Amino acid sequence: MASKPHIVIFPFMAQGHTMPLLDLSKALSCQGLKVTIITTPSNSSSISSYISRYSNIHLKEIPFPQVQELPKGCENMSELHSLDQLFLFCNATKQLQEPFEETLRDMSKLQDPPTCVISDSFLGWTNASCCNFGIPRLVFHGMGVFAMAVRKSLSIHQNHRWMKSDTESVDVKGVQLCFALTKSDLPNSLRQMDTFLSQFYVEAEKSDLGSWGVIVNSFSELEKDHVASLESLYGNDTRAWCVGPLFLYDQMERASIGPNGPNPYREWTNWLNQHEREKSVIYVSFGSQAYLSDNQLNELAYGLELSGKDYICVVKSNNWDPPRDIKKGRELFLKDWVDQKWVLTHKAIGGFLSHCGWNSVLESLSMGVPILAWPMQNEQHLSAKFLVEEIKAGLQLPTVTRDGNTVRREVIGEAVKELMGGENGKRVRDKAIKIGKMAKRAVQVGGSSYKCLNELIDQLSHVSPVGNGNGIFHSVLATSE
Ligand SMILES: O=c1ccn([C@@H]2O[C@H](COP(=O)(O)OP(=O)(O)O[C@H]3O[C@H](CO)[C@@H](O)[C@H](O)[C@H]3O)[C@@H](O)[C@H]2O)c(=O)[nH]1
């Protein structure tokens, strides 16, 4: 008889990777499933407060290895001194394999042993652990289907490898493109294959291919043409489960808690509340990892001023302050963590100047807010192209290059004006509003992502973990017919 699955979730320790998996945990728990999240001690308190209302979500801590070259006590990417330490950090996470397997062994003795593991693509070694234990692993990538399909195709076929020019079009086998992609649109990890970090990604990609399925934080209406491409690149009938936008499950919960829940209102809410005109403010933020030089921040501040629009700008640089001659009254600069999802729901917000991290793209579109794309690193150039050229829900900030040249204030000013008040801005806003409606429908009962999540649960309900006496168990995957 089918039983309720017990899902183990193992997020990578970085904001943009962890949050969607916590939202997925909540969504699974709302369907009556038991979820165990594995994390390290210093990440556990913020996770535990995020899931505190859910009695069937449990936390298991495993110790993070001490690595001398990393900042003392560092267990999260946000604690790195610079992205140059990223490889050391990623590499350190491989040492979590032993405690992870010990935890699986302990859990195998439970009455309800784990049915499957959902782990981040950066934790590629979890696939080998899952194979040893006979549990299916589902891999989670923080990015969208299109970016994932391009990455996957190029890492399999290597078509870009011998291209000399950055401006030449790349042939991306197995992925339908309605615009030209050049080598300069590709993530550095694909462009420079000989770094330690690229090698780390290559290893993770290999394990990725052996996964039983892929969890995708997107919804089929948004990326439908690319879902089949991604699945065929994985091969072996691997399914891409589009269950997003995952944050909307949490947003619905927050809305249902209402005024008696934790109060999200802060300084910025009061500031936004003073703006009675709808869609009159642009929100500016570059996620949790991007770094802008002081010179670029100055250009940004002057550019926003030149635009003549009101703006709320989140700056992750403790040493930078806005230039003194910026006129007061139209701006709000913030250095603290801002609850971005709430900012984007405010009726005064009419645009988002964003680095196009996938979470930001999804959050903005789901709220019907068009994006001015300023991609910086990772797969962000791919997502920006998809956003601007394919789904046409954003505009590209001109003169942005992969090497991070300084974008001048006049360029920023003009582009912000166009997004907020120009003809092109209106066109992409209308599209964003349409997509926002589709996104919300997707996660509601009967919507595409909701159905997909339930099909996944149904399939997992037919996994039968069987202990073999050594604390090791074998799962039998059967189809649900
Ligand atoms: O002040 C802030 C800043 C960020 N956020 C949230 O933090 C997340 C940021 O995620 P994202 O927009 O994806 O940016 P990054 O943090 O840069 O994300 C990394 O992870 C993403 C998912 O894998 C990739 O798409 C990006 O390229 C990679 O840089 C979002 O949920 C934001 O709402 C806040 O709430 N407040």
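If you're wondering where the values come from, they're calculated on a predicted model, not measured in any experiment. All ligand and atom numbering here is 1-based and tracks the order in the structure. For reference, positions follow the sequence shown, starting with 1.
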Starting from the N and O atoms of ligand 1, find every protein N or O within less than 3.5 Å and list the pair with its distance.
unit_1	atom_1	unit_2	atom_2	d
ligand 1	1 (O)	Lys316	NZ	3.1
ligand 1	1 (O)	Val338	N	3.1
ligand 1	10 (O)	Asn359	ND2	3.3
ligand 1	12 (O)	Ser360	N	3.0
ligand 1	12 (O)	Ser360	OG	2.5
ligand 1	13 (O)	Trp358	N	3.4
ligand 1	13 (O)	Asn359	N	3.1
ligand 1	13 (O)	Asn359	ND2	2.9
ligand 1	14 (O)	His355	NE2	3.0
ligand 1	16 (O)	Ser288	N	3.0
ligand 1	16 (O)	Ser288	OG	2.4
ligand 1	17 (O)	His355	NE2	3.0
ligand 1	25 (O)	Trp358	N	2.9
ligand 1	25 (O)	Glu379	OE2	2.4
ligand 1	27 (O)	Asn378	ND2	3.4
ligand 1	27 (O)	Glu379	OE1	2.9
ligand 1	27 (O)	Glu379	OE2	3.4
ligand 1	27 (O)	Gln380	NE2	2.9
ligand 1	29 (O)	Gln289	OE1	3.3
ligand 1	29 (O)	Asn378	ND2	3.0
ligand 1	29 (O)	Gln380	NE2	3.2
ligand 1	31 (O)	Glu363	OE2	2.6
ligand 1	33 (O)	Gln340	NE2	3.4
ligand 1	33 (O)	Glu363	OE1	2.6
ligand 1	33 (O)	Glu363	OE2	3.4
ligand 1	35 (O)	Val338	O	3.0
ligand 1	35 (O)	Gln340	N	3.3
ligand 1	36 (N)	Val338	O	2.5

Practice item. Go through the structure and list residues passing ring-ring contact (aromatic ring centres under 6.0 Å, His included) with His275, not counting sequence neighbours. Key: Trp271

Check your understanding: Has Phe196 got more than 12 heavy atoms of other residues, nucleotides or ligands less than 6.0 Å from its CZ?
Key -> no

Check your understanding: In this structure, are over 12 heavy atoms from other groups packed under 6.0 Å from Gln176 atom CD?
Key -> no

Exercise for review: Name the orientation class of the two ring planes belonging to Phe333 and Tyr311 (parallel below 30°, tilted from 30 to 60°, perpendicular beyond 60°).
Suggested key: perpendicular

**Study point:** Pairing residues for Arg239 by the side chain to side chain donor-acceptor pair (under 3.5 Å) criterion, not counting sequence neighbours
**Key:** Glu455

Review point. Do any pairs count as a side chain to side chain donor-acceptor pair (under 3.5 Å) and have a residue in residues 378-389, sequence neighbours left out, and if so which ones?
Key: Asp185-Lys385

